[in-house]
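Along the sequence shown, the residues carry numbers beginning at 1.
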Amino acid sequence: MAELPRYFTTEFTDVFLEAINKDAVFQKAARSMRETIALRGTDTPDKKDVEVRYRVHDGRIELLSFEEQDAPGPLRTTKFVKGSMLARTTAPYDFWVKLDKGEVGVIDVIMSPDYKLEGPKLKVLRYIRAFTRMGDVAAELPKRY
């Protein structure tokens with residue numbers, strides 16, 4: 001039996017994209033969305049910082065880039081350029097794991113100094129159903145941490 005993909009790796013990203021692009025709930029929530037987003041996880045088990053950049057369009061997601069650097073690296077200090085994407089989120093890998101496992105909720109995310117959201121908050125809220133479904137689909141996938 002093949003080993004499960006680990007969260008925040010290229011292997012997990014491939015599995016996630018396949019699942020999310022088949023998900024009818026996500027497709028409906030993101031049907032009018034045409035945005036680029038980035039998710040950053042710092043201090044992964046491989047001592048890396050990771051940024052996964054996605055383009056969401058017409059109810060589908062495509063991978064634009066998967067960048068990995070030794071932690072702590074310059075990825076952490078890359079300036080968010082307004083207009084280059086809708087949003088970028090950054091959190092330590094351990095925080096992403098807690099979110100994936102359902103150990104922290106939306107209020108915890110908002111209140112946590114460990115979770116950073118960059119981009120126009122009101123516009124991000126417009127797509128909250130799509131983002132919530134992305135998290136739900138990721139949480140449902142078999143994986144290891």
Q.
Please verify the inter-ring angle class for F16 with F12; under 30° counts as parallel, over 60° as perpendicular, anything in between as tilted.
A. parallel
Q.
Quick check: is L75 connected to F80 through a chain of hydrophobic side chains (ILVMFWY, heavy atoms under 4.5 Å apart)?
A. no
(Q) Between D58 and R34 (salt bridge meaning N to carboxylate O under 4.0 Å), is one present in this structure? (A) yes
Q: Please round to the nearest 0.5 Å and tell me the distance separating atom CD of E51 and atom CZ of F8.
A: 9.5 Å
Q. How far does CD of E18 sit from CG of D14, to the nearest 0.5 angstrom?
A. 9.0 Å
Q. Does L64 share a hydrophobic cluster with I37, counting links as ILVMFWY side-chain heavy atoms below 4.5 Å and allowing steps through other members?
A. no
**Q.** Those residues that, when tested against Y145, pass ring-ring contact (aromatic ring centres under 6.0 Å, His included) (two or more places apart)
**A.** Y7
Q: Evaluate whether atom NZ of K47 has more than 12 neighbouring non-hydrogen atoms of other residues, nucleotides or ligands under 6.0 angstrom away.
A: no
**Q.** Ionic contact status for D108 with K98, cut-off 4.0 Å
**A.** no
Q) Under a single-linkage definition using a 4.5 Å side-chain heavy-atom cutoff for Ile, Leu, Val, Met, Phe, Trp and Tyr, are V109 and I128 assigned to the same hydrophobic cluster? A) no
(Q) How close do P5 and V15 get, counting heavy atoms only, and between which atoms? (A) CG-CG2, 4.1 Å
(Q) With clusters defined by side-chain heavy atoms of hydrophobic residues (ILVMFWY) lying less than 4.5 Å apart, directly or transitively, does F66 cluster with V137? (A) yes
**Q.** Between CD1 on residue I61 and CG on residue D23, distance to nearest 0.5 Å
**A.** 9.5 Å
Q. Which one of D136, T132, V56 satisfies the side-chain contact (heavy atoms from CB on, under 4.5 Å) criterion with F26?
A. V56
**Q.** Atom pair CG/CD of D100 and E140 - distance to nearest 0.5 Å
**A.** 10.0 Å
Q) Which atom names give the shortest non-hydrogen contact between R40 and W96, and what distance separates them? A) O-NE1, 2.8 Å
Q.
So, taking the atom named OG1 in T90 and the one named CZ in F95, what distance separates them when rounded to the nearest 0.5 Å?
A. 12.0 Å
Q. Would you call E118 and K116 a salt bridge, taking side-chain N to carboxylate O under 4.0 Å as the test?
A. yes
Q | Ion pair R144/E3, N-O distance below 4.0 Å | A | yes
**Q.** Salt-bridge contact K48-D43 (side-chain N to carboxylate O under 4.0 Å)
**A.** no
Q) Under a single-linkage definition using a 4.5 Å side-chain heavy-atom cutoff for Ile, Leu, Val, Met, Phe, Trp and Tyr, are Y115 and F131 assigned to the same hydrophobic cluster? A) yes
